[in-house]
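Shown next, in C-alpha coordinates, is the structure this report addresses.
Lettering of chains follows the sequences in order, A, B, ..., and the numbering in each one begins at 1.
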There are 2 protein chains.
Amino acid sequence: MKAGAEPAGSKTYSITQLSEEFSITPRAIRFYEDRGLLHPRRDGQTRIYSQRDWVRLLLILRGKRVGFSLAELREILDLYDLGDGQTEQIRRTLETARAKMVSLERQRQDIDQTISELKTACGHFENLLVERGIDPHMPLPAQRRRRAGAA
Amino acid sequence: MKAGAEPAGSKTYSITQLSEEFSITPRAIRFYEDRGLLHPRRDGQTRIYSQRDWVRLLLILRGKRVGFSLAELREILDLYDLGDGQTEQIRRTLETARAKMVSLERQRQDIDQTISELKTACGHFENLLVERGIDPHMPLPAQRRRRAGAA
DNA sequence: GGTGACGTTGACGTTAACGTCAACTGGTAA
DNA sequence: TTACCAGTTGACGTTAACGTCAACGTCACC
(Lines give C-alpha, C1' and ligand atoms only; values in the text may rest on other atoms or scores of the structure.)
Protein backbone atom coordinates (compact mmCIF):
# COMPACT_ATOMS: atom_id res chain seq x y z
CA MET A 1 0.00 0.00 0.00
CA LYS A 2 1.55 3.27 -0.98
CA ALA A 3 -1.43 5.37 0.09
CA GLY A 4 -1.37 8.85 -1.35
CA ALA A 5 -3.41 11.43 0.51
CA GLU A 6 -6.41 9.22 0.94
CA PRO A 7 -8.05 8.68 4.29
CA ALA A 8 -5.85 5.80 5.35
CA GLY A 9 -8.79 4.01 6.89
CA SER A 10 -11.06 4.02 3.85
CA LYS A 11 -11.93 0.52 2.82
CA THR A 12 -10.79 -0.92 -0.47
CA TYR A 13 -11.74 -3.99 -2.50
CA SER A 14 -10.08 -6.41 -4.83
CA ILE A 15 -11.81 -7.26 -8.05
CA THR A 16 -12.94 -10.67 -6.82
CA GLN A 17 -14.28 -9.21 -3.61
CA LEU A 18 -16.43 -6.86 -5.62
CA SER A 19 -17.44 -9.59 -8.03
CA GLU A 20 -18.59 -11.81 -5.21
CA GLU A 21 -20.38 -9.07 -3.34
CA PHE A 22 -22.36 -8.13 -6.42
CA SER A 23 -22.60 -11.59 -7.95
CA ILE A 24 -20.99 -10.67 -11.23
CA THR A 25 -17.78 -11.83 -12.85
CA PRO A 26 -14.45 -10.01 -12.73
CA ARG A 27 -14.63 -9.98 -16.46
CA ALA A 28 -17.74 -7.83 -16.30
CA ILE A 29 -16.08 -5.39 -13.92
CA ARG A 30 -13.07 -4.99 -16.17
CA PHE A 31 -15.44 -4.53 -19.05
CA TYR A 32 -17.18 -1.67 -17.28
CA GLU A 33 -13.80 -0.07 -16.78
CA ASP A 34 -13.03 -0.53 -20.44
CA ARG A 35 -16.21 1.34 -21.22
CA GLY A 36 -15.26 4.17 -18.92
CA LEU A 37 -17.69 3.44 -16.09
CA LEU A 38 -15.07 2.73 -13.46
CA HIS A 39 -11.60 4.10 -12.86
CA PRO A 40 -10.02 2.09 -10.05
CA ARG A 41 -6.50 3.02 -9.07
CA ARG A 42 -3.72 0.50 -9.38
CA ASP A 43 -1.12 -1.08 -7.23
CA GLY A 44 1.35 -2.13 -9.87
CA GLN A 45 -0.99 -3.62 -12.38
CA THR A 46 -3.54 -4.86 -9.88
CA ARG A 47 -6.79 -2.94 -9.61
CA ILE A 48 -7.83 -1.48 -6.29
CA TYR A 49 -11.40 -0.35 -5.79
CA SER A 50 -12.50 2.34 -3.34
CA GLN A 51 -15.79 3.00 -1.61
CA ARG A 52 -16.59 5.36 -4.40
CA ASP A 53 -16.06 2.61 -6.93
CA TRP A 54 -18.30 0.40 -4.85
CA VAL A 55 -21.10 2.92 -5.04
CA ARG A 56 -20.57 3.37 -8.75
CA LEU A 57 -20.89 -0.32 -9.29
CA LEU A 58 -24.10 -0.32 -7.31
CA LEU A 59 -25.48 2.44 -9.51
CA ILE A 60 -24.32 0.66 -12.64
CA LEU A 61 -26.11 -2.56 -11.75
CA ARG A 62 -29.28 -0.81 -10.75
CA GLY A 63 -29.06 1.26 -13.90
CA LYS A 64 -28.83 -1.88 -15.96
CA ARG A 65 -31.85 -3.32 -14.24
CA VAL A 66 -33.93 -0.32 -15.18
CA GLY A 67 -32.78 -0.65 -18.76
CA PHE A 68 -29.93 1.80 -19.25
CA SER A 69 -27.18 0.81 -21.64
CA LEU A 70 -23.59 1.03 -20.47
CA ALA A 71 -23.09 4.05 -22.68
CA GLU A 72 -25.99 5.82 -21.00
CA LEU A 73 -24.77 4.83 -17.60
CA ARG A 74 -21.43 6.32 -18.40
CA GLU A 75 -23.09 9.61 -19.14
CA ILE A 76 -25.03 9.47 -15.92
CA LEU A 77 -22.00 8.64 -13.85
CA ASP A 78 -19.92 11.32 -15.48
CA LEU A 79 -22.74 13.53 -14.40
CA TYR A 80 -21.99 12.76 -10.77
CA ASP A 81 -18.30 13.45 -11.30
CA LEU A 82 -18.78 16.76 -12.95
CA GLY A 83 -19.04 19.29 -10.13
CA ASP A 84 -17.37 22.14 -12.00
CA GLY A 85 -17.30 21.50 -15.70
CA GLN A 86 -18.03 23.99 -18.42
CA THR A 87 -21.29 25.80 -17.93
CA GLU A 88 -22.38 24.58 -21.32
CA GLN A 89 -21.57 21.02 -20.36
CA ILE A 90 -23.59 21.30 -17.18
CA ARG A 91 -26.64 22.53 -19.02
CA ARG A 92 -26.44 19.73 -21.52
CA THR A 93 -26.06 17.20 -18.77
CA LEU A 94 -29.03 18.65 -16.98
CA GLU A 95 -31.14 18.22 -20.08
CA THR A 96 -30.00 14.64 -20.43
CA ALA A 97 -30.89 13.88 -16.86
CA ARG A 98 -34.33 15.40 -17.24
CA ALA A 99 -34.96 13.40 -20.37
CA LYS A 100 -33.97 10.21 -18.60
CA MET A 101 -36.36 11.01 -15.80
CA VAL A 102 -39.20 11.44 -18.24
CA SER A 103 -38.46 8.12 -19.87
CA LEU A 104 -38.29 6.47 -16.48
CA GLU A 105 -41.68 7.85 -15.52
CA ARG A 106 -43.08 6.37 -18.67
CA GLN A 107 -41.42 3.09 -17.96
CA ARG A 108 -42.97 3.03 -14.56
CA GLN A 109 -46.39 3.45 -16.10
CA ASP A 110 -45.65 0.56 -18.44
CA ILE A 111 -44.67 -1.54 -15.48
CA ASP A 112 -47.78 -0.71 -13.51
CA GLN A 113 -49.90 -1.55 -16.49
CA THR A 114 -48.12 -4.82 -17.09
CA ILE A 115 -48.38 -5.79 -13.45
CA SER A 116 -52.07 -5.17 -13.39
CA GLU A 117 -52.57 -7.20 -16.55
CA LEU A 118 -50.55 -10.04 -15.15
CA LYS A 119 -52.60 -9.83 -12.01
CA THR A 120 -55.77 -10.20 -14.03
CA ALA A 121 -54.34 -13.12 -15.91
CA CYS A 122 -53.30 -14.81 -12.69
CA GLY A 123 -56.80 -14.46 -11.33
CA HIS A 124 -58.11 -16.00 -14.49
CA PHE A 125 -55.85 -19.00 -14.19
CA GLU A 126 -56.55 -19.43 -10.54
CA ASN A 127 -60.22 -19.64 -11.40
CA LEU A 128 -59.52 -22.28 -14.01
CA LEU A 129 -57.72 -24.34 -11.41
CA VAL A 130 -60.39 -23.85 -8.78
CA GLU A 131 -63.00 -24.99 -11.27
CA ARG A 132 -61.03 -28.19 -11.58
CA GLY A 133 -60.98 -28.51 -7.83
CA ILE A 134 -57.30 -27.65 -7.48
CA ASP A 135 -55.75 -25.34 -4.92
CA PRO A 136 -54.07 -22.64 -7.01
CA HIS A 137 -51.49 -22.08 -4.29
CA MET A 138 -50.17 -25.61 -4.10
CA PRO A 139 -46.42 -25.61 -4.78
CA LEU A 140 -45.24 -27.15 -8.01
CA PRO A 141 -43.92 -30.73 -8.09
CA ALA A 142 -40.14 -30.77 -7.74
CA GLN A 143 -39.18 -27.94 -10.06
CA ARG A 144 -35.88 -28.93 -11.56
CA ARG A 145 -33.32 -26.20 -11.04
CA ARG A 146 -31.24 -25.13 -13.99
CA ARG A 147 -28.23 -23.90 -12.05
CA ALA A 148 -27.49 -22.26 -8.75
CA GLY A 149 -27.26 -18.58 -9.58
CA ALA A 150 -24.50 -17.44 -7.20
CA ALA A 151 -20.79 -18.23 -7.38
CA MET B 1 -59.91 -21.74 -32.09
CA LYS B 2 -59.75 -22.40 -35.78
CA ALA B 3 -63.11 -20.90 -36.63
CA GLY B 4 -63.25 -20.07 -40.25
CA ALA B 5 -66.17 -18.05 -38.92
CA GLU B 6 -64.61 -14.76 -37.88
CA PRO B 7 -66.79 -11.71 -37.58
CA ALA B 8 -66.58 -10.62 -41.17
CA GLY B 9 -66.48 -6.97 -40.16
CA SER B 10 -63.48 -7.22 -37.85
CA LYS B 11 -60.72 -4.93 -38.96
CA THR B 12 -57.50 -6.28 -40.39
CA TYR B 13 -54.09 -4.79 -41.07
CA SER B 14 -51.29 -5.22 -43.53
CA ILE B 15 -47.78 -5.51 -42.27
CA THR B 16 -46.88 -1.98 -43.27
CA GLN B 17 -49.98 -0.57 -41.65
CA LEU B 18 -48.97 -2.17 -38.40
CA SER B 19 -45.38 -1.11 -38.80
CA GLU B 20 -46.38 2.50 -39.32
CA GLU B 21 -48.90 2.53 -36.53
CA PHE B 22 -46.34 1.25 -34.06
CA SER B 23 -43.30 2.89 -35.59
CA ILE B 24 -41.36 -0.28 -36.13
CA THR B 25 -40.15 -1.96 -39.30
CA PRO B 26 -41.90 -4.80 -41.10
CA ARG B 27 -38.74 -6.76 -40.57
CA ALA B 28 -39.25 -6.57 -36.82
CA ILE B 29 -42.82 -7.77 -37.13
CA ARG B 30 -41.80 -10.75 -39.21
CA PHE B 31 -39.08 -11.43 -36.73
CA TYR B 32 -41.59 -11.55 -33.90
CA GLU B 33 -43.56 -14.05 -35.88
CA ASP B 34 -40.44 -16.09 -36.46
CA ARG B 35 -39.99 -16.18 -32.70
CA GLY B 36 -43.52 -17.36 -32.20
CA LEU B 37 -44.98 -14.13 -30.83
CA LEU B 38 -47.43 -13.55 -33.63
CA HIS B 39 -49.40 -15.91 -35.85
CA PRO B 40 -51.13 -13.84 -38.52
CA ARG B 41 -53.21 -15.71 -41.02
CA ARG B 42 -52.31 -15.54 -44.67
CA ASP B 43 -53.90 -14.61 -47.91
CA GLY B 44 -51.73 -16.61 -50.26
CA GLN B 45 -48.35 -15.71 -48.85
CA THR B 46 -49.30 -12.26 -47.67
CA ARG B 47 -49.74 -11.80 -43.95
CA ILE B 48 -53.02 -10.49 -42.62
CA TYR B 49 -53.20 -9.21 -39.08
CA SER B 50 -56.32 -9.16 -36.94
CA GLN B 51 -57.36 -7.04 -33.99
CA ARG B 52 -56.01 -9.74 -31.78
CA ASP B 53 -52.65 -9.49 -33.47
CA TRP B 54 -52.78 -5.75 -32.99
CA VAL B 55 -53.26 -6.17 -29.26
CA ARG B 56 -50.50 -8.74 -29.12
CA LEU B 57 -48.14 -6.35 -30.80
CA LEU B 58 -49.06 -3.68 -28.31
CA LEU B 59 -48.28 -6.05 -25.48
CA ILE B 60 -45.02 -7.07 -27.11
CA LEU B 61 -43.77 -3.54 -27.43
CA ARG B 62 -44.74 -2.61 -23.93
CA GLY B 63 -43.18 -5.80 -22.69
CA LYS B 64 -39.96 -4.88 -24.41
CA ARG B 65 -39.99 -1.46 -22.80
CA VAL B 66 -40.23 -2.99 -19.37
CA GLY B 67 -37.33 -5.26 -20.16
CA PHE B 68 -38.77 -8.61 -21.19
CA SER B 69 -36.91 -10.60 -23.80
CA LEU B 70 -38.80 -11.90 -26.80
CA ALA B 71 -38.57 -15.40 -25.38
CA GLU B 72 -40.19 -14.26 -22.14
CA LEU B 73 -42.83 -12.37 -24.03
CA ARG B 74 -43.64 -15.46 -25.93
CA GLU B 75 -44.30 -17.29 -22.69
CA ILE B 76 -46.48 -14.51 -21.45
CA LEU B 77 -48.47 -14.34 -24.65
CA ASP B 78 -48.92 -18.08 -24.80
CA LEU B 79 -50.31 -17.60 -21.35
CA TYR B 80 -53.12 -15.51 -22.73
CA ASP B 81 -53.84 -18.10 -25.40
CA LEU B 82 -54.01 -20.99 -23.06
CA GLY B 83 -57.57 -21.07 -21.77
CA ASP B 84 -57.81 -24.85 -21.54
CA GLY B 85 -54.39 -26.40 -21.53
CA GLN B 86 -53.17 -29.18 -19.30
CA THR B 87 -53.76 -28.52 -15.63
CA GLU B 88 -50.07 -28.97 -15.03
CA GLN B 89 -49.29 -26.45 -17.72
CA ILE B 90 -51.63 -23.93 -16.18
CA ARG B 91 -50.04 -24.24 -12.80
CA ARG B 92 -46.60 -23.78 -14.23
CA THR B 93 -47.71 -20.76 -16.19
CA LEU B 94 -49.26 -19.32 -13.09
CA GLU B 95 -45.97 -19.63 -11.25
CA THR B 96 -44.16 -17.96 -14.12
CA ALA B 97 -46.56 -15.08 -14.11
CA ARG B 98 -46.24 -14.62 -10.37
CA ALA B 99 -42.46 -14.63 -10.64
CA LYS B 100 -42.59 -11.99 -13.33
CA MET B 101 -44.78 -9.83 -11.19
CA VAL B 102 -42.31 -10.02 -8.35
CA SER B 103 -39.46 -9.03 -10.62
CA LEU B 104 -41.53 -6.15 -11.96
CA GLU B 105 -42.23 -4.89 -8.46
CA ARG B 106 -38.54 -4.89 -7.80
CA GLN B 107 -37.88 -3.11 -11.02
CA ARG B 108 -40.34 -0.46 -10.07
CA GLN B 109 -38.48 0.13 -6.85
CA ASP B 110 -35.26 0.45 -8.81
CA ILE B 111 -36.90 2.99 -11.03
CA ASP B 112 -38.26 5.03 -8.17
CA GLN B 113 -34.86 5.04 -6.56
CA THR B 114 -33.15 6.06 -9.76
CA ILE B 115 -35.65 8.81 -10.40
CA SER B 116 -35.16 10.26 -6.97
CA GLU B 117 -31.40 10.18 -7.37
CA LEU B 118 -31.62 11.87 -10.72
CA LYS B 119 -33.88 14.45 -9.16
CA THR B 120 -31.29 15.19 -6.54
CA ALA B 121 -28.58 15.43 -9.15
CA CYS B 122 -30.68 17.81 -11.21
CA GLY B 123 -31.20 20.03 -8.21
CA HIS B 124 -27.49 20.05 -7.67
CA PHE B 125 -26.76 21.12 -11.20
CA GLU B 126 -29.44 23.73 -11.19
CA ASN B 127 -27.79 25.22 -8.16
CA LEU B 128 -24.45 25.29 -9.91
CA LEU B 129 -26.03 27.17 -12.77
CA VAL B 130 -27.85 29.60 -10.53
CA GLU B 131 -24.60 30.35 -8.72
CA ARG B 132 -23.21 31.35 -12.08
CA GLY B 133 -26.18 33.57 -12.66
CA ILE B 134 -27.75 31.36 -15.27
CA ASP B 135 -31.38 30.39 -15.58
CA PRO B 136 -31.39 26.61 -15.33
CA HIS B 137 -34.52 26.40 -17.45
CA MET B 138 -33.22 28.22 -20.48
CA PRO B 139 -33.48 25.99 -23.52
CA LEU B 140 -30.28 24.70 -25.06
CA PRO B 141 -28.74 26.42 -28.08
CA ALA B 142 -29.89 24.71 -31.27
CA GLN B 143 -29.60 21.05 -30.31
CA ARG B 144 -28.60 19.23 -33.44
CA ARG B 145 -30.97 16.37 -34.13
CA ARG B 146 -29.52 12.98 -34.99
CA ARG B 147 -32.44 11.64 -36.99
CA ALA B 148 -36.19 11.91 -37.09
CA GLY B 149 -37.35 8.78 -35.27
CA ALA B 150 -40.42 7.84 -37.30
CA ALA B 151 -40.55 6.27 -40.72
C1' DG C 1 12.24 -23.44 -6.78
C1' DG C 2 7.96 -25.35 -7.89
C1' DT C 3 3.05 -24.81 -7.17
C1' DG C 4 -1.18 -22.72 -6.64
C1' DA C 5 -4.19 -18.70 -6.00
C1' DC C 6 -5.07 -14.42 -7.75
C1' DG C 7 -4.45 -10.99 -11.13
C1' DT C 8 -3.44 -9.10 -15.91
C1' DT C 9 -4.02 -8.32 -21.09
C1' DG C 10 -5.49 -9.69 -25.67
C1' DA C 11 -8.27 -12.25 -28.91
C1' DC C 12 -12.01 -14.64 -30.27
C1' DG C 13 -16.83 -16.65 -29.47
C1' DT C 14 -21.78 -15.94 -28.36
C1' DT C 15 -26.63 -14.41 -27.91
C1' DA C 16 -30.40 -11.20 -28.83
C1' DA C 17 -32.74 -8.37 -31.77
C1' DC C 18 -33.02 -6.73 -35.40
C1' DG C 19 -30.84 -4.09 -40.16
C1' DT C 20 -29.61 -4.70 -44.77
C1' DC C 21 -29.33 -6.53 -48.99
C1' DA C 22 -30.71 -9.71 -52.91
C1' DA C 23 -33.66 -12.27 -55.52
C1' DC C 24 -38.35 -13.53 -56.23
C1' DT C 25 -43.69 -13.40 -56.55
C1' DG C 26 -48.05 -11.62 -57.67
C1' DG C 27 -51.34 -7.56 -58.59
C1' DT C 28 -52.31 -3.46 -61.23
C1' DA C 29 -51.96 1.00 -63.65
C1' DA C 30 -50.23 2.94 -67.98
C1' DT D 1 -46.21 -5.65 -72.17
C1' DT D 2 -43.74 -3.16 -69.17
C1' DA D 3 -43.15 -1.11 -64.94
C1' DC D 4 -43.93 -0.44 -60.41
C1' DC D 5 -45.61 -1.59 -56.23
C1' DA D 6 -46.14 -4.21 -51.63
C1' DG D 7 -44.89 -8.32 -49.80
C1' DT D 8 -42.02 -12.67 -49.23
C1' DT D 9 -37.98 -15.64 -48.01
C1' DG D 10 -33.17 -16.46 -47.14
C1' DA D 11 -28.56 -15.05 -45.93
C1' DC D 12 -25.39 -12.28 -43.96
C1' DG D 13 -23.98 -8.05 -41.14
C1' DT D 14 -24.15 -5.52 -36.70
C1' DT D 15 -24.16 -3.95 -31.85
C1' DA D 16 -24.13 -4.75 -26.87
C1' DA D 17 -22.51 -7.10 -23.13
C1' DC D 18 -20.23 -10.01 -21.72
C1' DG D 19 -18.06 -15.48 -21.65
C1' DT D 20 -14.20 -18.18 -22.63
C1' DC D 21 -9.89 -19.37 -23.43
C1' DA D 22 -4.69 -18.64 -23.72
C1' DA D 23 -0.46 -16.90 -22.12
C1' DC D 24 1.68 -14.42 -18.84
C1' DG D 25 3.23 -12.00 -14.13
C1' DT D 26 3.80 -12.36 -8.92
C1' DC D 27 3.47 -13.32 -4.45
C1' DA D 28 3.32 -16.31 -0.25
C1' DC D 29 4.43 -20.63 1.24
C1' DC D 30 6.67 -25.13 1.82
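Formation of a donor-acceptor pair under 3.5 Å by the B:R56 side chain with backbone atoms of B:L37 is found in this model. A distance-only check finds no donor-acceptor pair linking the side chain of A:S23 to the backbone of A:S19 [under 3.5 Å]. Without hydrogens or angle criteria, A:E20 side chain to A:Q17 main chain gives no donor-acceptor distance under 3.5 Å.
Note: CZ (A:F22) to P (D:dC18) measures 14 Å, nearest angstrom. Rounding to whole angstrom units, CG of residue A:D43 and P of D:dT26 are separated by 12 Å. The distance between atom CZ of B:F31 and atom P of D:dT14, rounded to the nearest whole Å, is 17 Å. Following rounding to the nearest Å, B:Y32 (OH) and C:dA16 (C1') show an atom-to-atom distance of 11 Å. Following rounding to the nearest Å, A:I29 (CD1) and D:dC18 (P) show an atom-to-atom distance of 11 Å. Atom CD of B:E33 and atom C1' of C:dA17 are 16 Å apart (whole Å). Distance CD (A:E20) to P (C:dA5): 14 Å, rounded to an integer number of Å. The CD1-C1' distance, from B:I60 to C:dA16, rounds to 15 Å in whole Å.
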Atom pairs under 3.5 Å: protein N/O with N/O of nucleotides 20-22 of chain D:
unit_1: D:dT20; atom_1: O4; unit_2: A:R27; atom_2: NE; d: 2.9

Measure all distances between protein nitrogen or oxygen atoms and nitrogen or oxygen atoms of nucleotides 4-8 of chain D, and list the pairs falling under 3.5 Å.
unit_1: D:dG7; atom_1: OP1; unit_2: B:S14; atom_2: OG; d: 3.1
unit_1: D:dG7; atom_1: OP1; unit_2: B:T16; atom_2: OG1; d: 2.7
unit_1: D:dG7; atom_1: OP2; unit_2: B:T16; atom_2: OG1; d: 2.8
unit_1: D:dT8; atom_1: OP1; unit_2: B:R47; atom_2: N; d: 2.7
unit_1: D:dT8; atom_1: OP1; unit_2: B:R47; atom_2: NH1; d: 3.0
unit_1: D:dT8; atom_1: OP2; unit_2: B:R30; atom_2: NE; d: 3.1
unit_1: D:dT8; atom_1: OP2; unit_2: B:R30; atom_2: NH2; d: 3.2
unit_1: D:dT8; atom_1: O5'; unit_2: B:R47; atom_2: NH1; d: 3.1

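Here A:F22 pairs with A:W54 under the ring-ring contact (aromatic ring centres under 6.0 Å, His included) rule; sequence neighbours left out. For B:R74, the salt bridge (charged side-chain N to carboxylate O under 4.0 Å, His left out) partners at least two apart in sequence or on another chain are B:D78.
The minimum heavy-atom distance between B:D110 and A:V66, with the atom names listed, is CB-CG1, 3.5 Å.
Residues A:D53 and A:S50 have side chains that bring a donor and an acceptor to within less than 3.5 angstrom of each other.
Counting heavy atoms from C-beta on, the side chains of B:R42 and B:I48 never come closer than 4.5 Å.
The only option from A:T25, A:I24, A:I29 that meets the side chain to side chain contact (heavy atoms under 4.5 Å, CB included) definition with A:R27 turns out to be A:T25.
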Step-by-step side-chain contact (heavy atoms from CB on, under 4.5 Å) determination, B:F68 to B:I76:
CA-CA 10 Å; B:F68 287 127; B:I76 297 181; 3.8 Å; yes

Let's go through A:E72 and A:K64 carefully: what are the C-alpha distance in whole Å and the side-chain angles of both, what is the deciding distance for salt bridge (charged side-chain N to carboxylate O under 4.0 Å, His left out) to 0.1 Å, and is it a yes or a no?
CA-CA 10 Å; A:E72 291 173 315; A:K64 274 173 55 79; over 6 Å; no

Pair A:K100, A:E105 - check salt bridge (charged side-chain N to carboxylate O under 4.0 Å, His left out), show working.
CA-CA 9 Å; A:K100 288 192 191 313; A:E105 304 273 16; over 6 Å; no

Between A:D112 and A:R108, is the salt bridge (charged side-chain N to carboxylate O under 4.0 Å, His left out) condition met? List the steps.
CA-CA 6 Å; A:D112 287 342; A:R108 195 164 61 128; 5.3 Å; no

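Of the residues in residues 62-69 of chain A, those with a non-hydrogen atom less than 4.0 angstrom from any atom of DNA chain D are A:K64, A:S69.
With axes fitted over five pairs at each extremity, the angle between the ends of the helix from C:dG1-D:dC30 to C:dA30-D:dT1 is 20° (10° resolution).
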